[in-house]
Every structure is written in structure tokens, then in C-alpha cells.
Amino acid sequence: MIEPTTDVSRAIRIEGLSHSYGARQALRNLDLQIHTGEVFAFLGPNGGGKTTLFRVLSTLITCQQGEVSILGFDLRTHVNDVRRRIGVVFQAPSLDKKLTVAENIRHQAALYGVTGKTLRDRQQAMMEQLGIADRANERAETLSGGLRRRVELAKGMIHQPRLLLLDEPSTGLDPGARADLWRYLERLRDESGVTIVLTTHLLDEAERADRIAILDQGSIVALDQPDRLRASIGGDTITIETEDAEFLAAAIRKQFGVSAEVVGSRVRLEQTDAGTWVAKLAEAFSARVQSITLAKPTLEDVFIQKTGHRFWQEKENAA
């Protein structure tokens with residue numbers, strides 16, 4: 001078996017990665033390094049490139065252009081070495097509903113040659129950690145969505161991978177189940193040193209990652225820790241509802257000499273002394289302003305600043 005030869009501090013290295021489906025460019029020249037032992041989130045709206053990137057990293061599709069190294073192995077030449085060392089939890093359910101919890105886990109373990117006492121010990125420990133030990137003999141079809149997700153995690157971790165890939169892990173989970181999931185992921189990182197890479201379209205979920213790469217139309221438009229991304233805004237955000245956003249934005253720029261953007265049907269500003277600006281704007285344009293909202297910067301504000309459109313704009317336009 002060929003062992004990794006590159007820097008062990010990097011779990012994933014991506015250089016110049018591009019992928020197309022016919023004329024549609026899904027990924028555009030991505031460059032990225034993911035550190036060993038961190039929780040890393042790819043955040044983006046539907047159509048941003050997350051699914052294609054996940055398929056590449058999980059070895060479901062090959063690299064069309066560029067280079068990808070996972071745990072020190074080149075994804076083109078050592079795909080089987082990569083597969084032995086990663087765990088994957090897909091967005092679509094993969095449980096056999098007619099099998100019990102324990103049977104689902106045992107069948108997954110068999111694919112990796114985990115058997116006998118090793119399997120029994122790991123299976124029991126995994127089910128206890130995930131709070132499903134008392135459901136071992138229940139069929140998967142009888143479980144709630146949150147419990148099924150825990151079984152999916154047990155399957156993905158039974159062979160003790162060094163890298164866990166999760167595609168939209170909170171899909172279908174209620175807030176309590178989502179919180180449980182994140183507690184387990186953080187414990188994996190802290191106690192076992194597992195690198196966790198996930199895709200999500202949920203802004204609040206991405207906030208819990210150590211670092212975030214924001215994807216839009218196949219490109220990485222922002223990359224950093226969540227608090228640093230928010231701090232990059234440089235002030236609070238002011239959002240104005242008005243009947244003619246283009247007119248009002250132009251009027252604000254002309255009268256006050258500040259940047260005012262049109263995002264969708266709203267006018268948006270970033271100001272350090274935003275409270276004072278709310279009063280100025282309301283007084284100067286009282287006939288044009290329908291409402292003004294003042295808020296601390298969010299990841300959506302970062303997305304808007306980098307792309308010029310709202311996080312959910314594509315979805316809303318499609319609707």
C-alpha cells in the first residue's frame with residue numbers, strides 16, 4: 001500500500017480544479033487547502049457548485065481539469081487509497097429500511113473488511129456515542145429523520161476514516177437533531193482529530209465551521225473563519241425598502257457621497273456609525289423610504305458584498 005508523502009497538515013489540496021457539464025461550467029479554477037483536524041464548510045446557494053465539488057472529493061466523478069490531493073494521495077492515480085481513508089455521508093438516504101440499525105452498520109463495515117471483535121467493539125462504541133444503542137434491533141424504516149441521520153453517521157465512521165465528507169448533513173433534521181449532530185462532529189474533531197468537510201446552503205450551519213469557503217457560480221468568492229468574514233464588511237448593514245431602488249441609491253450616492261448598492265429590490269449600505277445614518281436617510285428621503293433595517297453583518301452580507309446579489313436570488317428568480 002502506498003503511503004502519503006505530502007504535508008500531513010493538509011487533508012485536502014485543490015489546485016486549478018474545473019469541471020463542466022457540456023456548456024455549463026460547474027467549477028471554475030478552484031484553489032484551496034483544507035487543514036488536518038478542522039471542520040470546513042462549503043457554503044453556497046443551489047447551483048453554486050457544491051454538489052459537483054462534493055462528487056469530486058468523494059471520488060464519484062473524476063477530475064476533468066486541475067489537481068486534487070486527499071490525505072496525501074493524488075485523486076487521479078490513487079483513488080482506491082483515498083476511498084479506504086474517507087467516510088462519506090450523502091444527502092440522499094442510503095439506509096436499507098428493512099434492515100435493523102445494527103445490520104445496516106455491519107453491512108457497511110463488511111465493505112471495509114471490519115469484522116469479528118473489532119466490528120463488535122466499534123459498533124457498540126459508535127452506537128453509544130450517537131445515542132442509538134437502544135435502537136440496535138429496530139428497523140431503519142421505524143426511525144425518525146434525526147435517528148436515521150445518526151445511523152448514516154455510524155456507517156460513515158465505522159471504518160475509522162481520517163476524513164469525513166458530509167453532503168448537506170442537516171437535511172430533514174429538526175433544530176434539536178441538528179444540534180446533536182454538531183455536538184458529535186465537534187467531538188470527532190476534538191477527540192479523534194478527524195477532518196470534517198461538509199456542504200451546506202444553511203447560513204447558520206456554516207457559522208459553526210472553523211473555516212468557510214463561499215461558492216457562487218462555481219467560484220470561491222470568500223474564504224476565512226466565520227467571524228473574520230463578517231468583520232471584513234467594515235460596519236453594520238443598512239437595508240432600505242423602497243419602490244424605486246435604482247433612483248434612491250443614486251440619490252444617496254449624490255447627496256452623501258457614500259456607496260449605496262441595489263440588491264434585488266432593496267438599497268443596501270455599509271456604515272460604521274450606522275445608527276446615525278438611519279436617521280440621516282430617513283430625514284433626507286422620507287417620501288421614498290418604506291422601511292429601514294439596521295443589522296450586524298452576516299454571512300449573507302459577505303455573500304452580497306462579494307457577488308452583488310442576494311444569497312437566495314437564483315432560487316427566487318427560478319421560482
### Query
Any salt bridge (charged side-chain N to carboxylate O under 4.0 Å, His left out) pairs touching residues 94-104, not counting sequence neighbours?
K98-E141

### Summary
For residues 248-257, the salt bridge (charged side-chain N to carboxylate O under 4.0 Å, His left out) pairs (sequence neighbours left out) are none

## Note on the structure
So the ring-ring contact (aromatic ring centres under 6.0 Å, His included) pairs with at least one residue in residues 113-160 (sequence neighbours excluded) are Y112-H159

### Query
Closest approach of R106 and Q123, non-hydrogen atoms and distance?
CG-OE1, 3.1 Å

### Task
May I have all residue pairs that pass side-chain hydrogen bond (donor to acceptor under 3.5 Å, both in side chains) and include part of residues 143-153, sequence neighbours excluded?
S94-E152, R150-D180

### Query
With sequence neighbours excluded, what pairs up with E246 under the side-chain hydrogen bond (donor to acceptor under 3.5 Å, both in side chains) test?
none

### Message
According to side-chain hydrogen bond (donor to acceptor under 3.5 Å, both in side chains), who are the partners of R83, at least two apart in sequence or on a separate chain?
### Response
T59

### Message
Could you work out, with salt bridge (Lys or Arg N to Asp or Glu O under 4.0 Å) as the rule, every residue matching D174, not counting sequence neighbours?
### Response
none

#### Entry: Residue list, side-chain hydrogen bond (donor to acceptor under 3.5 Å, both in side chains) with E261, at least two apart or on another chain
R268

## Note on the structure
Going by chain and number, the hydrophobic cluster around V278 (ILVMFWY, side chain to side chain under 4.5 Å) further includes I238, I240, L248, I252, F256, V258, V267, L269, W277, L281, F285, V289, I292, L294

### Query
Who passes side chain to side chain contact (heavy atoms under 4.5 Å, CB included) against R76, sequence neighbours left out?
C63, D74

## Note on the structure
With sequence neighbours left out, the residues meeting side-chain hydrogen bond (donor to acceptor under 3.5 Å, both in side chains) with D121 are K117

### Charged N-O contact under 4.0 Å between E38 and R211
yes

### Task
Could you list all the salt bridge (charged side-chain N to carboxylate O under 4.0 Å, His left out) pairs where at least one residue sits in residues 20-30, not counting sequence neighbours?
none

### Query
Can you list the steps and then say if R189 with D210 is a salt bridge (charged side-chain N to carboxylate O under 4.0 Å, His left out)?
CA-CA 11 Å; R189 174 198 61 193; D210 297 319; 2.9 Å; yes

#### Entry: Salt bridge R230-D224, side-chain N to carboxylate O under 4.0 Å
no

